[in-house]
Amino acid sequence: QVQLVESGGGLVQAGGSLRLSCAASGGTSSSIVMAWFRQAPGKERDFVAASWWSGSMTYYAESVKGRFTISRDNAKNTVYLQMSGLKPEDTAVYYCAARGGRNYYTTPSDYNYWGQGTQVTVSA
């Protein structure tokens with residue numbers, strides 16, 4: 001059983017930066033994929049980025065490539081999402097997710113474990 005706790009959301013002006021953190025406990029291993037999703041009001045939950053827990057593979061949604069970076073600190077069991085060049089359309093609740101395996105998982109139904117979410121609001 002994996003527990004995920006996000007932090008780091010907030011209000012930022014367009015063009016600014018934020019770093020989200022996701023602390024994982026209870027079952028991280030080398031065969032886990034960690035991901036970030038986001039959900040704006042009235043919209044579906046969308047894939048943002050993912051990383052294999054142990055390894056070099058990361059992948060991103062086209063809408064955030066070049067602006068967002070997913071990284072991890074294995075010693076702290078924490079995954080980060082560094083967001084820069086933020087736009088008002090990045091406003092959403094951001095969720096951390098996890099599942100076993102090593103593949104390209106980009107839909108919410110692919111993931112077993114979820115955090116509670118953290119709000120990111122980007123003002124124009």
Side-chain angles (χ1 to χ4, degrees):
Q1 189 79 8
V2 177
Q3 293 84 43
L4 305 172
V5 179
E6 302 101 332
S7 61
L11 173 64
V12 64
Q13 289 187 331
S17 299
L18 277 177
R19 188 178 78 160
L20 306 183
S21 300
C22 174
S25 62
T28 54
S29 74
S30 62
S31 298
I32 280 190
V33 176
M34 301 292 296
W36 289 94
F37 286 78
R38 66 185 181 186
Q39 188 167 20
K43 295 189 176 182
E44 295 183 347
R45 193 169 295 189
D46 291 331
F47 172 76
V48 175
S51 172
W52 293 356
W53 186 259
S54 178
S56 61
M57 185 59 65
T58 60
Y59 44 104
Y60 299 88
E62 285 297 325
S63 58
V64 306
K65 276 184 181 178
R67 300 189 299 123
F68 292 10
T69 302
I70 187 170
S71 63
R72 68 201 182 280
D73 184 333
N74 290 354
K76 295 182 178 180
N77 280 352
T78 299
V79 173
Y80 304 98
L81 185 68
Q82 178 68 47
M83 306 183 293
S84 60
L86 283 161
K87 306 174 182 179
E89 52 264 43
D90 294 319
T91 295
V93 177
Y94 282 71
Y95 296 91
C96 180
R99 64 154 293 151
R102 289 190 179 187
N103 208 329
Y104 295 91
Y105 305 108
T106 60
T107 61
S109 60
D110 289 331
Y111 289 83
N112 309 103
Y113 305 104
W114 293 86
Q116 81 287 355
T118 185
Q119 176 70 47
V120 171
T121 303
V122 184
S123 62

Measure the [atom1]-[atom2] distance between [X] and [Y] for me, rounded to the nearest 0.5 Å.
| X | Y | atom1 | atom2 | result |
| --- | --- | --- | --- | --- |
| S84 | D90 | OG | CG | 10.0 Å |
| S109 | R45 | OG | CZ | 11.5 Å |
| L86 | F68 | CG | CZ | 5.0 Å |
| E6 | L20 | CD | CG | 8.5 Å |
| Y95 | R38 | OH | CZ | 13.5 Å |
| N77 | Q3 | CG | CD | 11.5 Å |

Which residues pass the side-chain hydrogen bond (donor to acceptor under 3.5 Å, both in side chains) test with [X], not counting sequence neighbours?
| X | value |
| --- | --- |
| R19 | none |
| K87 | none |
| Q82 | none |

If you compare all heavy atoms of [X] against all heavy atoms of [Y], which two are closest, and at what distance to 0.1 Å?
| X | Y | answer |
| --- | --- | --- |
| V120 | G9 | CG2-CA, 4.2 Å |
| V2 | A98 | CG1-CB, 4.5 Å |
| Q39 | K43 | NE2-O, 3.1 Å |
| S21 | T78 | CB-CG2, 4.2 Å |
| V33 | A50 | CG1-CB, 4.1 Å |

Check your understanding: Do M34 and L4 have side-chain heavy atoms sitting under 4.5 Å apart?
Key ->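 Side-chain contact under 4.5 Å: yes.
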Side chains of Q119 and T91: closer than 4.5 Å at any heavy-atom pair?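 Touching, per the 4.5 Å side-chain cut-off.
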#### Entry: W52 side-chain N/O to N103 backbone N/O, donor-acceptor pair under 3.5 Å
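Yes; at least one donor-acceptor contact below 3.5 Å.
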Query - Greater than 12 external heavy atoms within 6.0 Å of Q116's CD - result: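 Yes.
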**Request:** Tell me, yes or no, whether the heavy-atom count around E89 atom CD, taken from other residues, nucleotides or ligands under 6.0 Å, exceeds 12.
**Result:**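 Enclosed.
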Suppose we screen for ring-ring contact (aromatic ring centres under 6.0 Å, His included). Which residues come up paired with [X], at least two apart in sequence or across chains?
| X | value |
| --- | --- |
| Y104 | Y59 |
| Y105 | none |
| F37 | F47, Y111, W114 |

